[in-house]
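Structure, as structure tokens:
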Amino acid sequence: MFEINDYVMYGLTGACKVTDIRRDEEGYNKERKYYILSPIKETDSIIMIPIMNKDINMRKVISKEEAEQLLSQMKDKQIDWIDDAKERAREYNELLKSGDSESWLLLIKALADEKLEKKEEGKKLSSSDDMILKSATNLLSGEFSVALDMDVDDVIPYIKKFL
């Protein structure tokens, strides 16, 4: 399904490069093949994912065209703010885990707006909302840095122009 040098999104780890496909010669099951992933933000780490595992949350990074199309559609889209903090955390965490770039953009948009409102009131975003915002930002910036061929640190300022 994936090849060496493909960029993929893996669960909540984010953007990774498939650096190898090999058998685990030292492991228990020497016949099983694995994808060897290198997270783009943690170049010292590697992740081994069994190829036969059908339940892995892994997909190709979106294309430049898909990223640009998503950004061009964002001004008119939003997710509903959920007043109940527990319900909001549950719903927003589900969106975070969905692996969907559009959902991450909408989360960032909603939570960044709320953070700005809270700041104007002299308050802070709740810790759970802040954690979701940071996770969505991390996931999206990794994916868009690959898709748009830009530095990770430049992605969020670039995206803000579209929101």
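All residue numbers refer to positions in the sequence shown, counting from 1.
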Taking distance alone, no hydrogens or angles, what donor-acceptor pairs closer than 3.5 Å link side-chain atoms of residues 147-160 to residues at least two apart or in another chain?
| residue | atom | partner | partner atom | Å |
| --- | --- | --- | --- | --- |
| Asp151 | OD2 | Asp153 | N | 3.1 |

Let's go through Lys41 and Thr13 carefully: what are the C-alpha distance in whole Å and the side-chain angles of both, what is the deciding distance for side chain to side chain contact (heavy atoms under 4.5 Å, CB included) to 0.1 Å, and is it a yes or a no? CA-CA 9 Å; Lys41 291 187 175 183; Thr13 301; over 6 Å; no
Out of curiosity, [X] [atom1] to [Y] [atom2], how far, rounded to the nearest 0.5 Å?
X      : Y      : atom1 : atom2 : result
Leu96  : Ser135 : CG    : OG    : 5.0 Å
Ile132 : Glu91  : CD1   : CD    : 10.5 Å
Leu139 : Ser98  : CG    : OG    : 9.5 Å
Asp83  : Arg88  : CG    : CZ    : 7.5 Å
Leu140 : Ile62  : CG    : CD1   : 7.5 Å

Is there a side-chain contact between [X] and [Y], using heavy atoms and a 4.5 Å cut-off?
X      : Y      : result
Met1   : Met58  : no
Leu95  : Asp100 : no
Trp104 : Leu70  : no
Leu105 : Lys109 : no
Met74  : Glu102 : yes
Ile40  : Tyr7   : yes
Val18  : Leu37  : yes
Leu133 : Ile108 : yes

Side chain to side chain contact (heavy atoms under 4.5 Å, CB included) between Val61 and Phe144: does it pass, once the steps are laid out?
-> CA-CA 8 Å; Val61 166; Phe144 274 48; over 6 Å; no
Expected output: side-chain [X] to main-chain [Y] donor-acceptor under 3.5 Å:
X     : Y     : result
Tyr35 : Phe2  : yes
Arg59 : Met9  : no
Asn93 : Ala89 : yes

Paired with Lys134, the side chain to side chain donor-acceptor pair (under 3.5 Å) test is passed by just one of Asn138, Asp130, Thr137, namely Asp130
Would a single hydrophobic cluster contain both [Y] and [X], if residues Ile, Leu, Val, Met, Phe, Trp and Tyr are joined by side-chain heavy-atom contacts under 4.5 Å?
X      : Y      : value
Ile47  : Ile21  : yes
Leu12  : Val146 : yes
Ile51  : Ile36  : no
Ile46  : Tyr10  : no
Met131 : Leu106 : no

Next item on the list: Kindly indicate, with the supporting measurements, whether the criterion side chain to side chain contact (heavy atoms under 4.5 Å, CB included) is fulfilled by Leu125 and Lys119.
Entry: CA-CA 8 Å; Leu125 202 57; Lys119 186 176 181 179; over 6 Å; no
Surrounding [atom1] of [X] (heavy atoms of other residues, nucleotides or ligands, distance under 6.0 Å), is the total greater than 12?
X     : atom1 : result
Glu3  : CD    : no
Glu66 : CD    : yes
Met52 : CE    : no

How close do [X] and [Y] get, heavy atom to heavy atom, and via which atoms?
X     : Y     : value
Cys16 : Pro39 : SG-CA, 3.7 Å
Ile82 : Tyr92 : N-OH, 4.0 Å
Lys33 : Arg23 : CG-NH1, 3.5 Å

Polar side chain donor-acceptor pair, Ser126 to Lys118, under 3.5 angstrom: no
